[in-house]
Amino acid sequence: MEGMPQSTPRTVEEVFNDFKGRRIGLIKALTADVDKFYQQCDPEKENLCLYGLPTETWEVNLPVEEVPPELPEPALGINFARDGMQEKDWLSLVAVHSDSWLLAVAFYFGARFGFNKSERKKLFQMINDLPTVFEVLTGNVKQPKDHSGTHNSSSKIKSAGKQARQPENHSKAAVKMPIPPKEEDSGGEEEEEDDEQAGTLCGACGDNYATDEFWICCDVCEKWFHGKCVRITPAKAEHIKQYKCPGCSSKRARV
């Protein structure tokens, strides 16, 4: 089955990398690729499962036939409830079960290869430092404060690490830069801004803010995204009057 890793992870770091890859794939299914995922979960089909793959991709597929399976199985029959509840609630429920499955897979490897107490603790701490799929989907993770002040732009862009001035004609795509410290108090505010940026998480992949990456903010849900995750470049963003992330765009289309 495609969900099986090519080489079975055996160390804590390998299991964690496997966990991260599967997690990113699940987040993509429930956010950036939500339309495709929704369509594949046809209630008229047999019991279906959502698999996150170590390659940062996902698939909707039937469960394996062998018992017991090589890996723990995701929640079975997610497609049956698709049309029986609000889409937001259905996606949230799938996200919760996906989080449970990710933990089950990670600690299955730990049990299979005899991780001791300190290795299990290390693995859990590494996993626990990442927001859950449910937190990323619902936006219940720390978001950056908007310090743009007089910026009236509807599209907010974080062009990390590069100083840029706002064009004189007030372009629609405002560049969000770290606030320069005041001369009177140059310490506290700069550290606070750095802390806020460090806590910023991508709404698509859930990874942290990095100073060398381009970010953009959705004007509807106000979540930040890596430009590469939503396929938006800095040049393209300059011409966007109001940016809507894939999740918000698909929800609006189905209303």
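Treat the numbers as computed from the prediction; the structure is a model and nothing was measured.
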Verify same cluster id: [X], [Y] (apolar side-chain graph, 4.5 Å):
X    : Y    : answer
I78  : Y38  : yes
V94  : L76  : no
L103 : V15  : yes
L30  : I24  : no
L93  : L102 : yes

So, [X] side chain and [Y] main chain: donor-acceptor pair closer than 3.5 Å or not?
X    : Y    : result
W101 : A75  : no
K28  : T57  : no
N79  : L48  : yes
R23  : P131 : yes
D33  : K36  : no
R22  : L53  : no
K223 : A204 : no
Y108 : E70  : yes
D99  : V133 : yes
Q40  : F37  : no

List the atom of [X], the atom of [Y], and the distance in Å for their closest heavy-atom pair.
X    : Y    : result
S98  : L26  : CB-CD1, 3.8 Å
F214 : I232 : CE2-O, 3.3 Å
P43  : D83  : CG-OD2, 3.5 Å
F16  : I127 : CE1-N, 3.8 Å
L123 : F115 : CD2-CE2, 4.3 Å
Y51  : P63  : OH-CA, 3.3 Å

Quick one, T138 with K88, criterion side-chain contact (heavy atoms from CB on, under 4.5 Å). Give me CA distance, side-chain angles, the key distance, then yes/no. CA-CA 9 Å; T138 58; K88 180 180 179 182; 5.9 Å; no
Is the shortest side-chain heavy-atom distance between [X] and [Y] below 4.5 Å?
X    : Y    : value
Y243 : V230 : yes
C41  : V60  : yes
P74  : H97  : no

Between S92 and L137, is the side-chain contact (heavy atoms from CB on, under 4.5 Å) condition met? List the steps. CA-CA 7 Å; S92 296; L137 176 68; 4.2 Å; yes
Rounded to the nearest 0.5 Å, how far apart are CG of N128 and CE of M126? 12.0 Å
Return yes when atom CZ of F124 has more than 12 non-hydrogen atoms of other residues, nucleotides or ligands closer than 6.0 Å, and no otherwise.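 Count not over threshold, so no.
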Can you confirm whether more than 12 heavy atoms, excluding those of E66, are under 6.0 Å from its CD atom?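 Yes, the 6.0 Å shell around CD holds more than 12 heavy atoms from other groups.
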Ring-face cation contact, F109 with R10, 6.0 Å cut, 45° max: no
Flag this pair as yes if the NZ/CZ of K228 is under 6.0 angstrom from the six-membered ring centre of W215 and inside a 45 degree cone about the axis; otherwise no.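 So K228 doesn't make the cation-pi contact.
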Using a strict threshold of under 4.0 Å (side-chain N to carboxylate O), is an ion pair present between E44 and R82? no
Is it true that E13 and K122 have a side-chain N and a carboxylate O under 4.0 angstrom from each other? yes
Can you check side-chain contact (heavy atoms from CB on, under 4.5 Å) on C218 and F225, steps first, answer last? CA-CA 8 Å; C218 173; F225 298 85; 4.0 Å; yes
Using side-chain contact (heavy atoms from CB on, under 4.5 Å), reason through E14 and F19 one step at a time and then give a plain yes or no. CA-CA 9 Å; E14 288 173 344; F19 175 92; over 6 Å; no
